[in-house]
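I have placed the structure first, in the form of structure tokens, so that the comments after it can refer back to it.
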Amino acid sequence: MGEVATVLDYTVQEPVSAFLTKKRQLLIDGKWVDAASKKTFPVYEPATGEVIAHVAEGEKKDIDLAVKAARKAFESGPWPNMTPSQRGRLIWKLADLLEENLEEFAQLETLDNGKPLTVSRAADLPLSIDLFRYMAGWATKISGETIPISVPYMPDAEFHVYTLREPVGVVGQIIPWNFPLLMAAWKLGPALATGCTIVLKPAEQTPLTALRLGELFEEAGFPPGVLNIVTGFGEGAGAPLAEHPDVDKVAFTGSTEVGKIITKAATGNLKKVSLELGGKSPAIVFSDADLAVAVPAVASAIFFNHGQCCCAGSRLYAHKSVFDKVVDGVSAEAQKIGLGPGMDPATGMGPLVSQEQMTKVIGYIDSGLSEGAKVVVGGGRKGNKGYFVEPTVLVDTTPQMQVVQEEIFGPVVCVEPFDDDGIDRIAAEANNTSFGLAASIFTSNLSVAHKMARRIQAGTVWINSHNVFDAALPFGGYKQSGWGREMGKEALDLYTQVKSVVATL
Ligand code: NAI
Ligand code: MG
């Protein structure tokens, strides 16, 4: 692995530098405005630790104004009167605009979050575009049912009974920094398809692509107030949104700890809550697995996006007969990864998102070592500029260690051997966590694969792969990994409510 480049040599597109130069404001009721307090906060480039932009710091007053605008747009004006087809076309137009500006968004995302530009281009942008297109299609396909009822105490009555599926109303959406644009897309897509209006609170570490997306909303022709964006911090802007009495639903992605705070904050008006939280996902390699498939897959399960994935395969179990080969293979993959600034085309892994995240991840590695784990490769910070952490493979971990129990959210994998292929035993070990977001199973035995899929308590189980996502595929957590599903048609349930209409004829 090469040294981290200290001089960044890359060209940023002119629209990107122009976007960064100007102070970015809040989007409220179709207008870009300063925070009521006039406060701003800095945005850092993780590759250098330098400030690249200044963004308005929204707080309760701004959230109040944004919610008021979202309420107005939900109840009056063009949005509630649009046909589903018109709504679908606006969402499709948004996807087209995103595609036209793909390179600009990819660069902005990489500068803001640190991830390799190659990944922003090939994953974050295409997945976001596809999500909007998928949800654009749903706008015209959200329907209720007609229901034949019996009513024992009205034997002579005749009825015409149906359900309406109506938008839940004004939604607050609080998103994290690991896939800043894509997390916005996952949340906005179904809210728009169902006719809700939105107050979006991007993560304070990575507000830039959401703000640029706000400009595309105007360009696409969405009415003012349908999307409002309030940038700011968790306690300052996120908390007043989660507890706001005029917000009908809050959707959150982030830490389990904050998910619980949001759930409590929502009790004031009993707003609906959906949560996509942490994970400690197992990847399990059986003795008969095709290692040519399994090794690169389990390496990318943890190292993709620097391990900053809620479904990162951070607990790797390998049968003892293949354990050494898996450890060697994953360690070799780790050493092949070029660690460097995301804007460098040779970079395979960029910096972590923030100083705080880097400190947290290094703290976990140290805690593992102090409890007796051993480092095979990696093990610490790289360089002294930017927030780079080496891809790290730990062995000799035990199930009780903090590194095995808690979400690290960095490029750190714990590899443990298992003794026999008894699926109930290994399933129990895989399930020995309070999380349940995802898992992957590597075997050439179909029956083992599908038996494991049933036994694993997780919202997604991959067989002979990890990190396969699609707009049509529901994603979300069992246990403390969350409530509700994003993407797929399940996501629409989170943004609609059912009304039964009973006509007695
Ligand atoms: P966080 O959960 O604090 O932040 C996520 C979002 O929630 C941000 O927009 C933040 O401003 C907001 N927020 C924070 N406190 C809030 C509050 N009291 N009320 C309302 N909104 C609030 O996550 P953070 O601090 O960025 O990362 C800490 C850890 O959380 C990570 O190391 C990782 O383990 C986990 N995490 C999990 C994610 C996932 O995709 N499941 C994404 C990001 C972080
Ligand atoms: Mg936090």
Side-chain angles (χ1 to χ4, degrees), residues 27-31 66-101 128-147 160-173 184-200 213-229 246-249 251 272 274 470-472 474 484-503:
L27 178 60
I28 297 178
D29 207 9
K31 294 181 198 70
V67 171
K68 201 175 268 180
R71 175 62 60 196
K72 191 177 76 184
F74 183 71
E75 284 175 0
S76 57
W79 186 244
N81 298 313
M82 265 183 202
T83 64
S85 169
Q86 287 171 324
R87 239 177 22 240
R89 270 180 282 165
L90 281 181
I91 303 170
W92 193 277
K93 179 83 199 293
L94 182 70
D96 285 346
L97 289 172
L98 204 47
E99 197 165 48
E100 281 167 29
N101 296 284
S128 303
I129 294 162
D130 203 47
L131 188 288
F132 283 123
R133 295 214 170 108
Y134 173 84
M135 287 297 171
W138 268 117
T140 47
K141 293 160 202 73
I142 298 162
S143 56
E145 298 179 304
T146 54
I147 300 177
H160 172 51
V161 175
Y162 58 95
T163 55
L164 294 172
R165 199 163 258 286
E166 298 183 329
V168 76
V170 172
V171 301
Q173 303 186 320
W186 281 18
K187 296 266 182 294
L188 295 172
L192 295 168
T194 51
C196 294
T197 59
I198 301 139
V199 177
L200 178 73
L213 187 69
E215 296 182 343
L216 296 192
F217 266 70
E218 290 181 285
E219 205 178 326
F222 281 94
V226 170
L227 171 66
N228 305 274
I229 306 176
D246 201 30
V247 169
D248 300 301
K249 170 198 164 57
K272 315 290 183 264
S274 56
D470 190 88
R485 292 293 174 271
E486 303 202 271
M487 302 196 289
K489 71 172 191 274
E490 270 75 6
L492 304 167
D493 295 346
L494 302 180
Y495 291 91
T496 51
Q497 46 197 352
V498 172
K499 180 181 283 171
S500 294
V501 181
V502 181

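The side chain to side chain donor-acceptor pair (under 3.5 Å) contacts involving residues 218-229 comprise W32-E218, where partners must be two or more places apart or lie in separate chains.
With values rounded to the nearest 0.5 angstrom, F132 atom CZ is found 13.0 Å from E99 atom CD. The structure places CD1 of I91 at 10.0 Å from CG of L188, a figure rounded to the nearest 0.5 Å. The CD1 atom of I28 sits 11.0 Å away from the CG atom of L227 when rounded to the nearest 0.5 Å. Interatomic distance, OH of Y495 versus NZ of K272, reported as 13.5 Å (0.5 Å rounding). Separation of atoms CE (M135) and CH2 (W186) is listed at 10.5 Å; rounding is to 0.5 Å. I142 contributes atom CD1, which lies 12.5 Å from atom CG of L164 (distance to the nearest 0.5 angstrom).
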Practice prompt. I would like to know whether V199 and V247 meet side-chain contact (heavy atoms from CB on, under 4.5 Å); could you show each step before the answer?
Written response: CA-CA 9 Å; V199 177; V247 169; 5.8 Å; no
Discussion item. Checking L90 against R87 for the side-chain contact (heavy atoms from CB on, under 4.5 Å) test, could you report, in this order, the C-alpha distance in whole Å, the side-chain angles of both residues, the deciding distance, and whether it holds?
Written reply: CA-CA 5 Å; L90 281 181; R87 239 177 22 240; 5.6 Å; no
Item to complete: Assess whether salt bridge (charged side-chain N to carboxylate O under 4.0 Å, His left out) is satisfied between R71 and D248, documenting all intermediate values.
Response: CA-CA 10 Å; R71 175 62 60 196; D248 300 301; 2.9 Å; yes
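Between L131 and M487, some side-chain heavy-atom pair lies under the 4.5 Å cut-off. By the 4.5 Å heavy-atom criterion applied to side chains, P78 and Q86 are not counted as neighbours. Within the 4.5 Å cutoff, no side-chain heavy atoms of T83 are placed close to those of T140. The closest side-chain heavy-atom distance from L192 to W79 is below 4.5 Å.
Judged by distance alone, with hydrogens and angles left aside, the side-chain atoms of T163 form a donor-acceptor pair with the main-chain N or O of E145 at under 3.5 Å. Counting only distance, with no hydrogens or angles, the side chain of T197 and the backbone of A70 share a donor-acceptor pair below 3.5 Å. Remark: side-chain polar atoms of Q173 are paired, donor with acceptor, to backbone N or O of K187 under 3.5 angstrom.
Scanning all heavy atoms of the two residues, the minimum distance from G214 to I229 falls at CA-CD1, 3.8 Å. For the pair P167 and Q497, the tightest heavy-atom approach, listed with the atom from each and the gap, is O-NE2, 3.7 Å. Closest non-hydrogen pair, Y134 versus K489, comes out as OH-N, 3.4 Å. Shown here for V226 and C196, the closest heavy-atom pair between the two residues is CG1-O, 4.3 Å.
With T194 as reference, L492 is the one residue of D493, L494, L492, V168 to meet the side-chain contact (heavy atoms from CB on, under 4.5 Å) rule.
Under the 30°/60° scheme for interplanar angles, the aromatic rings of Y162 and H160 are found to be tilted.
Within a 6.0 Å sphere centred on NZ of K499, heavy atoms belonging to other residues, nucleotides or ligands number 12 at most.
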